[in-house]
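Count residues from 1 along the sequence. Just so it is clear, the values below take in all heavy atoms, side chains as well, and ignore hydrogens, waters and symmetry mates.
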Amino acid sequence: MLLSTDIWVTALIRRAELGGAFGVVARKGDPRAGAVLVKALNRTDGTARLYAEATRLDGERVWMEPAASHAEPDLDRYIERALRIDPDVWVVEIDDKEGRHFLTEPVERS
């Protein structure tokens with residue numbers, strides 16, 4: 001059984017904080033089944049990465065980078081478009097000096 005989205009997001013933010021980063025819910029979506037976008041900010045080099053959850057054909061939950069850019073304004077525009085399509089999306093921002101995302105599931109590179 002999968003965790004509800006609100007509990008999963010809380011755990012992600014807690015992992016980030018335990019790792020020395022700062023995590024915040026930038027936008028709340030549906031508490032039970034909303035999709036999640038994670039924006040990981042790297043203040044050292046001024047870049048950002050966006051991660052979107054996906055499900056493989058075998059049913060495993062993975063994360064992918066839906067936008068090729070690492071510029072924060074480009075990622076914010078992607079998020080705005082995603083919210084117009086699905087208003088139940090959660091947006092979590094993690095500010096870490098190393099740019100870590102703190103996701104425990106696999107992250108697939110494009």
Side-chain angles (χ1 to χ4, degrees):
M1 184 173 147
L2 294 175
L3 292 173
S4 64
T5 304
D6 56 351
I7 293 172
W8 186 90
V9 165
T10 301
L12 174 64
I13 290 173
R14 182 72 176 137
R15 267 195 313 277
E17 290 172 348
L18 289 172
F22 176 75
V24 65
V25 175
R27 185 179 189 289
K28 286 186 178 183
D30 183 273
R32 298 190 142 244
V36 179
L37 294 173
V38 176
K39 184 167 69 169
L41 305 168
N42 183 336
R43 296 296 179 202
T44 303
D45 65 7
T47 61
R49 292 186 186 269
L50 186 65
Y51 301 94
E53 61 182 328
T55 304
R56 284 191 197 149
L57 293 176
D58 63 5
E60 182 179 9
R61 182 181 187 178
V62 296
W63 292 85
M64 302 172 64
E65 291 186 56
S69 176
H70 293 162
E72 189 174 5
D74 293 339
L75 301 182
D76 289 340
R77 283 189 289 278
Y78 179 92
I79 291 168
E80 288 173 17
R81 286 190 308 271
L83 292 173
R84 282 194 299 269
I85 294 168
D86 182 1
D88 291 330
V89 170
W90 287 70
V91 179
V92 178
E93 293 186 8
I94 298 175
D95 190 345
D96 180 60
K97 63 183 176 183
E98 299 173 34
R100 296 173 291 174
H101 51 66
F102 296 94
L103 298 167
T104 59
E105 298 86 0
V107 175
E108 297 197 346
R109 303 288 176 211
S110 42

Min side-chain heavy-atom separation Pro66-Leu50 under 4.5 Å: yes
Using the rule given for side chain to side chain contact (heavy atoms under 4.5 Å, CB included), can you reason through Glu72 versus Leu41, listing the C-alpha separation, both sets of side-chain angles and the distance that settles it, and then say yes or no? CA-CA 8 Å; Glu72 189 174 5; Leu41 305 168; 3.6 Å; yes
Is a donor on one side and an acceptor on the other found under 3.5 Å between the side chain of Thr55 and the backbone of Arg61? no
Intermediate values then yes/no, side chain to side chain contact (heavy atoms under 4.5 Å, CB included), Leu103 and Leu12: CA-CA 7 Å; Leu103 298 167; Leu12 174 64; 4.1 Å; yes
Going by heavy atoms in the side chains, are Arg15 and Ile13 under 4.5 Å from each other? no
Between Ala35 and Asp86 the two heavy atoms that sit nearest each other are CB-OD2, 4.4 Å
Contacts of Lys28 meeting side-chain contact (heavy atoms from CB on, under 4.5 Å) (sequence neighbours excluded), chain-then-number -> Val25, Trp90
Contacts of Thr47 meeting side-chain contact (heavy atoms from CB on, under 4.5 Å) (sequence neighbours excluded), chain-then-number -> Asn42, Asp45, His70
Check Ala40 against Arg100 and note the closest heavy-atom contact, atom names and distance. CB-O, 3.8 Å
Can you confirm whether the side chains of Glu53 and Trp63 place a donor and an acceptor under 3.5 Å from each other? no
Are any of the side-chain heavy atoms of Leu37 and Tyr51 separated by less than 4.5 Å? no
In the structure I gave you, are the side-chain heavy atoms of Arg56 and Pro106 within less than 4.5 Å of one another anywhere? yes
Could you walk me through whether Val62 and Glu108 pass side chain to side chain contact (heavy atoms under 4.5 Å, CB included), step by step? CA-CA 7 Å; Val62 296; Glu108 297 197 346; 3.9 Å; yes
Heavy-atom check, side chain of Lys39 versus side chain of Arg49, under 4.5 Å: no
Restricting to side-chain hydrogen bond (donor to acceptor under 3.5 Å, both in side chains), what partner residues turn up for Arg27, sequence neighbours left out? none
Is there side-chain contact between Asp74 and Tyr78, with heavy atoms separated by less than 4.5 Å? no
Under the side chain to side chain contact (heavy atoms under 4.5 Å, CB included) rule, what do Val36 and Val9 come out as? Steps first, then yes or no, please. CA-CA 8 Å; Val36 179; Val9 165; 4.1 Å; yes
Using a 4.5 Å cut-off on heavy atoms from C-beta on, say whether the side chain of Ile94 contacts that of Val38. yes
Side chains of Val107 and His101 in contact at under 4.5 Å (non-hydrogen atoms): yes
Rounded to the nearest 0.5 Å, the CG atom of Leu75 sits from the CD atom of Glu65 at a distance of 9.0 Å
In Å and rounded to the nearest 0.5 Å, what is the CZ to CG distance from Arg32 to Asp30? 8.5 Å
